[in-house]
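Fair warning: this is a prediction, and the values are worked out from it, not measured in the lab. Heads up: numbering here begins at 1 and tracks the sequence.
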Amino acid sequence: MTVDVSELVHLRSHRPEAIAEAAARRPRRPLLNDSGRLMIVAADHPARGALGVGGRSMAMANRADLLERLCLALSRPGVDGVLATADILDDLLLLGALDGKVVLGSMNRGGLQGARFELDDRFTGHRPEDIERLGFDAGKLLLRIDYDDPGSLTTLESTARAIDDMAARRLPVFVEPFISRRDEAGRLRNDLSAEAVTRSIAIASGLGGSSAYTWLKVPVTDNPDDMAEVMAASTLPAVLLGGEVGDDQDGAYEKWRGALQLPTVRGLVVGRSLLYPVDGDVAAAVDTAVGLL
């Protein structure tokens, strides 16, 4: 698909109600199909100011290019849906790319990449009522916990309330937890050791007044062999996140392949590594990831 930016701008400026109309007529499907697995393409990075992929610092800055990559990924067999912020999902609604797909609204994007307040991650994206109103299928939130940063407590509390609000609406919410800390240069780093990932899962699983609609979105640990022990920390259903892959795409696939065999792991949510693969072949990258399921 070639995205006509002029047409999107025309609709947005002359008929903004077209977005709600597209959402209302969108054919929906269950969160899980007969396979019980999920393959979700993620594109909520730009709203956090995270536009880089590998060595390309502004790779995600061209919105038409990003939308074309998303439409191609969503058209591939076995891709269940997309995770994104309102601006991107609104464009995809207008393009008709979300029909029959699982749609996850990204909820907290206030912890901007590199900001001093990065751990005070306010809920500046989709609210539970927005997800319900638009007929979307689930929400996603990021929970980074730094024991030395008071902003993490604010994020923990607001995360718990968001989980409560989603459960009250019987809407799934995917919680992406990390134990994080700042390096000597002040940059926030996520700890992917087995101990840290296990602790983050335990903390996230206990948030809110009900876990009935809570899913986990978890990374593969530094040592993939630790994943079986790590995932034993909770009975909540989980998906694996992609994160930064770099040049070793095949190595990332192998890490995902092993973890996908674990009983609580139900699928993949992957963004930049599939939308911006090193060789530029989006369709092949997506098809390979689907094949892991």
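Between the Glu68 side chain and the Thr2 main chain, no donor and acceptor come within less than 3.5 Å of each other. Judged by distance alone, with hydrogens and angles left aside, the side-chain atoms of Ser234 form no donor-acceptor pair with the main-chain N or O of Ile201 at under 3.5 Å. Remark: side-chain polar atoms of Asp165 are not paired, donor with acceptor, to backbone N or O of Pro128 under 3.5 angstrom. Formation of a donor-acceptor pair under 3.5 Å by the Glu157 side chain with backbone atoms of Leu153 is not found in this model. Lys101 contributes no side-chain N or O that, together with a main-chain N or O of Ile40, makes up a donor-acceptor pair within less than 3.5 Å. A distance-only check finds a donor-acceptor pair linking the side chain of Thr124 to the backbone of Gly110 [under 3.5 Å]. Panel note: side chain Arg187, backbone Arg182; no donor-acceptor pair is recorded below 3.5 Å. No side-chain donor-acceptor contact under 3.5 Å links Arg272 to the backbone of Leu51. Remark: side-chain polar atoms of Ser152 are paired, donor with acceptor, to backbone N or O of Asp146 under 3.5 angstrom.
When all heavy atoms of Trp256 and Leu240 are compared, the pair lying nearest together is O-CD1, 3.8 Å. Leu94 approaches Arg12 most closely through the heavy-atom pair CD1-CG, 4.3 Å. Contact detail for Ala42 and Val269: the closest heavy-atom pair is CB-CG1, 3.9 Å. Between Arg26 and Leu93, the shortest heavy-atom contact is CD-CD2, 3.9 Å. Nearest heavy atom pair, residue Ser205 against residue Ser211, reads O-CB, 4.1 Å. Taking all atoms of both residues into account, the shortest heavy-atom contact from Ile131 to Gly105 is CD1-O, 4.2 Å.
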Could you walk me through whether Ile145 and Ile203 pass side chain to side chain contact (heavy atoms under 4.5 Å, CB included), step by step? CA-CA 10 Å; Ile145 303 165; Ile203 294 168; 3.7 Å; yes

Kindly indicate, with the supporting measurements, whether the criterion side chain to side chain contact (heavy atoms under 4.5 Å, CB included) is fulfilled by Leu260 and Arg37. CA-CA 10 Å; Leu260 283 166; Arg37 308 289 257 176; 3.8 Å; yes

Walk me through whether Leu74 and Leu98 qualify under side chain to side chain contact (heavy atoms under 4.5 Å, CB included). CA-CA 8 Å; Leu74 286 166; Leu98 300 183; 4.3 Å; yes

Stepwise, does the salt bridge (Lys or Arg N to Asp or Glu O under 4.0 Å) test hold for Lys255 with Asp225? CA-CA 9 Å; Lys255 288 183 178 181; Asp225 293 339; over 6 Å; no

Between Ser35 and Leu293, does a side chain to side chain contact (heavy atoms under 4.5 Å, CB included) hold up when you go through it step by step? CA-CA 9 Å; Ser35 73; Leu293 301 176; over 6 Å; no

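For the pair Ile163/Val175, a side-chain contact is recorded, criterion being any heavy-atom separation below 4.5 Å from C-beta on. Side chains of Leu32 and Pro30 form no contact here, defined as non-hydrogen atoms less than 4.5 Å apart. Val239 has its side chain out of reach of Leu268: every pair of non-hydrogen atoms, C-beta onward, lies at least 4.5 Å apart. Within the 4.5 Å cutoff, the side chain of Val41 has no heavy atoms near those of the Leu83 side chain. In this structure, the side chains of Thr154 and Leu156 stay at 4.5 Å or more apart for every pair of heavy atoms. Counting heavy atoms from C-beta outward, Val197 and Phe178 have side chains that stay 4.5 Å or more apart. Under the 4.5 Å side-chain criterion, counting only non-hydrogen atoms from C-beta, Leu38 is in contact with Phe174. Between Met39 and Leu274, some side-chain heavy-atom pair lies under the 4.5 Å cut-off.
Between Asp183 and Arg189, at least one side-chain N (NZ, or NE/NH1/NH2) sits under 4.0 Å from a carboxylate O, which counts as a salt bridge. Comment: Asp148 does not engage Arg181 in a salt bridge, judged by the lack of any side-chain N to carboxylate O separation of less than 4.0 angstrom. Salt-bridge check for Arg169 with Asp164: failed, with every basic side-chain N at 4.0 Å or more from each acidic carboxylate O. The pair Arg63-Asp87 meets the salt-bridge criterion, with a side-chain N (NZ, NE, NH1 or NH2) lying under 4.0 Å from an Asp/Glu carboxylate O.
Atom CD1 of Ile179 sits about 11.0 Å away from atom CG of Leu192, to the nearest 0.5 Å. With rounding to the nearest 0.5 Å, the separation of CG in Leu66 from CD1 in Ile88 is 5.0 Å. In this structure, Met107 CE and Ser158 OG are separated by 9.5 Å, a value rounded to the nearest 0.5 Å. Note that CG of Leu141 is 10.5 Å distant from NZ of Lys217, once rounded to the nearest 0.5 Å. Here the CG-CZ distance, from Asp120 to Arg144, works out to 11.0 Å after rounding to the nearest 0.5 Å. Separating the CG atom in Leu89 from the CG atom in Leu134 is a distance of 8.5 Å, to the nearest 0.5 Å.
Side-chain atoms of Ser180 and Asn190 include a donor-acceptor pair closer than 3.5 Å.
Clustering ILVMFWY residues whenever any of their side-chain heavy atoms sit less than 4.5 angstrom apart, transitively, puts Leu112 in a cluster other than the one holding Met58. When hydrophobic clusters are built by joining Ile, Leu, Val, Met, Phe, Trp and Tyr residues whose side-chain heavy atoms come closer than 4.5 Å, directly or via intermediates, Leu188 is not grouped with Leu143. The hydrophobic cluster containing Val286 also contains Val3, counting ILVMFWY residues as joined when their side-chain heavy atoms lie under 4.5 angstrom apart, directly or transitively. Cluster annotation: Leu207 and Tyr213 are assigned to distinct hydrophobic clusters (Ile/Leu/Val/Met/Phe/Trp/Tyr, side-chain heavy-atom contacts under 4.5 Å, transitive). Residues Val53 and Tyr253 share a single hydrophobic cluster, defined by chaining ILVMFWY side chains whose heavy atoms lie under 4.5 Å apart.
Screening residues 43-55 for salt bridge (charged side-chain N to carboxylate O under 4.0 Å, His left out), with sequence neighbours left out, gives Asp44-Arg109, Asp44-Lys140, Arg48-Asp121. Under the ring pair (Phe, Tyr, Trp, His ring centres under 6.0 Å) criterion, the residue pairs touching residues 86-127 are His126-Phe136, with sequence neighbours excluded. Contacts classified as side chain to side chain donor-acceptor pair (under 3.5 Å) and involving residues 74-83 (residues at least two apart or in different chains) are given here: Arg29-Asp80, Asn33-Asp80, Arg76-Asp287.
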